[in-house]
Protein chains: 2
Amino acid sequence: MSDALRQFKSEIFQGLANPTRIAIVELLREGELPAGKLIDKLGIEQANASQHLAVLRAKQIVVSRKVGNQVYYSIRDRALIEVLDILRRYFYAQLNTTVTMLKEAARETPKSRLVTRR
Amino acid sequence: MSDALRQFKSEIFQGLANPTRIAIVELLREGELPAGKLIDKLGIEQANASQHLAVLRAKQIVVSRKVGNQVYYSIRDRALIEVLDILRRYFYAQLNTTVTMLKEAARETPKSRLVTRR
DNA sequence: CCACTATATTCGTTATTTCGAATATACTAA
DNA sequence: TTAGTATATTCGAAATAACGAATATAGTGG
């Protein structure tokens, strides 16, 4: 695969590599919202929200349009929602795996060993 | 959605937010490889590759198993490959959009204006 | 034991990200 | 014009990431 494509992918990931920005994308899942609404729901500083929105714009994850005084944001491509959905499933799959492993470990290992081991 | 899930997602994205690490994941797409093979194909410093592998392990993106002298890496969950595929399609979709927009702009705007604008 | 190979970790440096505070810009309404 | 609201940008500090050089660890075969 080309370097350009790898670069592009890593920039998308970088754009989403922050819990606040994920929250923003998820708030936009149902459609566009003005920046002010986002700030209210996120409960963070206005400047900070605006900075995160700038990152999302720079990485082409969202687009904005101005309406009078306000700026409406929306997700540029539904593919990104799909990505988040995949990761949600992935998260729960991993959770199950972890829990299963813990249960097995508990069954196989006498309690006394659990305490003193290593 | 829960904070924990958002945190988890952002950590996955952080894990993939680097072209070298994307290259690693793509090299592992067809199955496991020992670290040495990865280093050869990536053409980077051994220490650097090992550091990136440590990040991928920490974010639970890959798993490793030791066989004698070597450490074999593989992708923990195919879902991540799916994510990369979605982004590949997304990349080309965006490319098309951009090209189309450039073409339209060129048609609508006389050449003289393209030079002097702003 | 020693020497060798494969991989990981630590360290120091430089670059990037994140945040809040302050400031700037753009729009509306009077 | 001025005042007010919505949003963006700049600045400086603290935290985090990335890299190569050096070193450490674990495994294999004499």
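Each chain gets a letter, A, B and so on, in the order its sequence line appears, and its residues count up from 1. This structure is a prediction, so every number in the text was calculated from the model and none was measured. Values below: all heavy atoms of this structure, side chains included; hydrogens, waters and symmetry mates excluded.
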In one Ile/Leu/Val/Met/Phe/Trp/Tyr side-chain cluster, 4.5 Å: A:I81, B:F13: yes
A:I61: side chain to side chain contact (heavy atoms under 4.5 Å, CB included) partners, not counting sequence neighbours: A:I12, A:L16, A:V25, A:L56, A:K59, A:L80
Most 5' of B:I44 and A:I39 on DNA chain D, judged by nearest nucleotide: A:I39
Rounded interatomic separation in angstrom, taking CG from B:N48 and C1' from D:dA22: 15 Å
Using a strict heavy-atom distance below 4.0 Å, which residues from residues 10-20 of chain A are in contact with DNA chain D? none
Can you name the residues that form a ring pair (Phe, Tyr, Trp, His ring centres under 6.0 Å) with B:F8, not counting sequence neighbours? A:Y90, A:F91
Within the sub-3.5 Å range, which N or O atoms of nucleotides 10-15 of chain C have a protein N or O partner, and how far apart are they?
| unit_1 | atom_1 | unit_2 | atom_2 | d |
| --- | --- | --- | --- | --- |
| C:dT10 | O4 | B:Q51 | NE2 | 3.0 |

B:L56 atom CG is separated from C:dA8 atom C1', nearest whole Å, by 15 Å
Expressed in angstrom and rounded to an integer, what is the separation of B:L33 atom CG from C:dA6 atom P? 15 Å
Does any pair with a residue in residues 28-41 of chain A pass salt bridge (charged side-chain N to carboxylate O under 4.0 Å, His left out), and if so which ones, sequence neighbours excluded? A:R29-A:D85, A:E32-A:R65
Per-nt protein contacts along nucleotides 23-30 of chain D (heavy atom under 4.0 Å; B base, S backbone sugar-phosphate only, - none) come out as ---SBS--
What residues join B:V55 in its hydrophobic cluster, counting side-chain heavy atom gaps under 4.5 Å, either direct or through other members? none
With sequence neighbours left out, write down each residue that passes ring pair (Phe, Tyr, Trp, His ring centres under 6.0 Å) with B:Y73, or none if nothing qualifies. none
If the cut-off is 4.0 Å, is A:Y73 near the phosphate of D:dA8, judged by side-chain N/O to OP1 or OP2? yes
Between D:dT9, C:dA8, D:dA6, spot the one nearest the side chain of A:Q70, thanks. D:dA6
Send over the distance from A:D40 CG to D:dA6 P, rounded to a whole Å. 9 Å
In whole angstroms, the gap separating C1' of C:dC27 from CZ of A:R65 amounts to 16 Å
Taking 4.0 Å as the cut-off, does a side-chain nitrogen or oxygen of A:H52 come that near to OP1 or OP2 on C:dC19? yes
With sequence neighbours excluded, residues passing side chain to side chain contact (heavy atoms under 4.5 Å, CB included) with B:Q46: B:I39, B:S50
Salt-bridged, A:E26 to B:K9, with N to O below 4.0 Å? yes
Contacts satisfying ring-ring contact (aromatic ring centres under 6.0 Å, His included) that involve residues 19-48 of chain A (not counting sequence neighbours) are none
Take atom CD1 of A:I22 and atom P of C:dT17, then tell me their distance rounded to the nearest Å. 16 Å
Grab the CD-P distance between A:E45 and D:dA13 for me, whole Å please. 19 Å
Output all residues satisfying side chain to side chain donor-acceptor pair (under 3.5 Å) with A:E11, sequence neighbours left out; order by chain, then residue number. A:Q7
Of A:R21 and B:L53, the one whose closest nucleotide on DNA chain C sits nearer the 5' end is B:L53
Decide yes or no for A:L28 and A:S74: does some side-chain heavy atom of the first lie under 4.5 Å from some side-chain heavy atom of the second? no
Hey, could you give me each pair passing ring-ring contact (aromatic ring centres under 6.0 Å, His included) that has a residue in residues 48-72 of chain A? Not counting sequence neighbours. none
